[in-house]
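As the structure lists them, so they are numbered: ligands from 1, and atoms in each ligand from 1.
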Amino acid sequence: MASNHWHFARPKLAQAYLGSFNLGLSSARGLFARRRMGKTEFLKQDFIPAAEADGYVTIYANLWEMRSAPATALVAAFFQAIEPKGFHKLLQKLKPSVKKLKATGKIAGMAEATLETELHDDANLPAGSMLMDAMRAFDHTSIKVIMIIDEAQVLAQESNADFAHALRAALDIRKDRIKVLFAGSSEATLRKMFGKPSEPFYNWAALEPFDLLGHDFVTAMVEKVADVTKFPLALEDALRAFDELKRTPEFFRRYLDRYLTMPFDGAAAALEHTKSHVFNDVSFQQQWQGMLPADRAILSLIAAGNADPYGKDSKEKIALALGLGKAVANNTVQNALRRLSDQTILTKIDRATYQFEDEAFADWLKNLHE
Ligand SMILES: Nc1ncnc2c1ncn2[C@@H]1O[C@H](COP(=O)(O)OP(=O)(O)OP(=O)(O)O)[C@@H](O)[C@H]1O
Ligand SMILES: [Mg+2]
């Protein structure tokens, strides 16, 4: 069965976004929600098809997938959508700095090729001029475009400031024909991006929470389960599982998978299995293994609810974890926090308050220490 079968379509939500663009009420909007809540799935499976049916050409770029060269990712997506020839030219220009090209998608071919993350550090350098090329190509068309920038918080990074300014300027003068939908998982970073006067996208897009999936989603999933198995799932059990999995669609889908593979074990066992699996996620394990001791120490403190990493108590605990006799310097804490913010593991709320981007990672960590 097509995996699409399990997609819970959200046509009304797609039309709501589209409507605001069509009415000219706004030319840019931003949405945010925690990780794994269904933003990307909504954008790709509901919003993009609706926009295309409405006559828009859509450009989708996930900046997180290409975080070493987000500008290149965006420009490449732009060319792919409006002028494949331009995309070829872009590839030529980039050739020296591209180590690896990967073909993705159903049709393996250049038009479907995406640049992988393995670019040299200088790969972003000509991005400003490539953006100009792309915009010039666009100006020769009469199409209307919706640009979807997923994991947009990457644009707020210091290292991408020049590109962000260039992008903003290019989009500013094309508001009639290029609409922008930003999405991301870091509310704090997005708020700063659109709300701080010194930021390139200041006051540029209305930012609002993404409408989360709720009981109607669970109900629809329960109906799909009944379609494919002789062991229907009780709505009550499903709703309880959804709540216990923090109303996270991705975890709920895993729970359904487990239930469907082991129907004899029942709903409660599927929930237990899913919860323990979520806490033992290998990707968390790998991420954790690859971290420096100071970073780990700070994450453990924050996961345990210790909010101020610069506090005396924190600095002593970090020292202990590092095997040092006396409290570490502010500097050590600062560097670790910077590394963790750059990797979008932590978000800064204010000077001394940091929060996990991914609650599931924090939970996993709490569990590790118990
Ligand atoms: N509308 C939906 N119908 C069915 N399942 C869904 C739906 N939306 C999300 N899911 C499930 O949740 C998973 C995570 O969704 P998605 O990747 O869209 O989240 P996200 O908010 O973009 O997360 P991230 O911030 O980590 O990128 C999907 O892979 C899918 O299993
Ligand atoms: Mg996503």
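Between Lys179 and Val145, every side-chain heavy-atom pair lies at or beyond the 4.5 Å cut-off.
The aromatic rings of Phe361 and Trp288 stand perpendicular to each other, their planes meeting at an angle above 60°, with 30° marking the opposite boundary.
With hydrogens and angles left out, the side-chain atoms of Asp150 and Tyr60 include a donor and acceptor closer than 3.5 Å. Residues Trp204 and Asp172 bring a donor and an acceptor atom of their side chains to less than 3.5 Å of each other. Using modelled atom types, one finds no donor on one side chain facing an acceptor on the other under 3.5 Å when comparing Asp227 with His5. No side-chain N or O of Gln287 forms a donor-acceptor pair with one of Gln285 less than 3.5 Å apart. Under the 3.5 Å distance criterion, with hydrogens and angles disregarded, a donor-acceptor pair is assigned to the side chains of Tyr56 and Asn22. Side-chain contact annotation: Ser20 with Arg29, donor-acceptor N/O pair under 3.5 Å present.
Counting protein heavy atoms only, atom 19 (O) of ligand 1 is closest to Gly38 N, 3.0 Å. Looking from atom 17 (O) of ligand 1 to the surrounding protein, the closest heavy atom is Thr40 CB, 4.1 Å. Of the protein's non-hydrogen atoms, Phe8 O, 2.9 Å is the one closest to atom 1 (N) of ligand 1.
One option in His5, Lys224, Glu41, His7 has a heavy atom closer to atom 10 (N) of ligand 1 than any other, and that option is Glu41. For atom 12 (O) of ligand 1, the nearest non-hydrogen atom from the set Arg253, Glu250, Lys39 comes from Glu250.
When each atom of ligand 1 is checked for a heavy atom of Met37 under 4.0 Å away, the hits are 19 (O), 20 (P), 21 (O). Atoms of ligand 1 found under 4.0 Å from any heavy atom of Ser185, numbered from 1 in the order shown, are 25 (O).
Within the structure, ligand 1 has Phe217 among the residues with a heavy atom less than 4.0 angstrom away.
Looking at ligand 1, you won't find any N or O of Met221 less than 3.5 Å from one of its N or O atoms. Close N/O approach between Arg36 and ligand 1 is found [any backbone or side-chain N/O within under 3.5 Å]. Remark: ligand 1 and Phe42 share no N or O pair separated by less than 3.5 Å (distance only, no angle test). For ligand 1, none of its N or O atoms has an N or O atom of Arg10 under 3.5 Å away.
Counting heavy atoms under 4.0 Å from ligand 1, residue Pro249 touches it through both backbone and side chain. Residue-level proximity to ligand 1 for Trp6 is carried by the backbone, the only part with a heavy atom below 4.0 angstrom. Counting heavy atoms under 4.0 Å from ligand 1, residue Leu213 touches it through the side chain alone. Under 4.0 angstrom from ligand 1, the non-hydrogen atoms of Glu151 all belong to its side chain.
At least one cation-pi condition fails for Arg247 and Phe252: the charged atom is not both under 6.0 angstrom from the six-membered ring centre and inside a 45 degree cone around its axis.
Taking backbone and side-chain atoms together, Thr40 has an N/O/S atom less than 2.8 Å away from the Mg ion (ligand 2).
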Residues Tyr259, Phe231; criterion ring pair (Phe, Tyr, Trp, His ring centres under 6.0 Å); working and verdict: CA-CA 9 Å; Tyr259 178 74; Phe231 305 92; 7.7 Å; no
Working for ring pair (Phe, Tyr, Trp, His ring centres under 6.0 Å), residues Phe242 and Tyr255: CA-CA 9 Å; Phe242 187 57; Tyr255 157 78; 9.9 Å; no
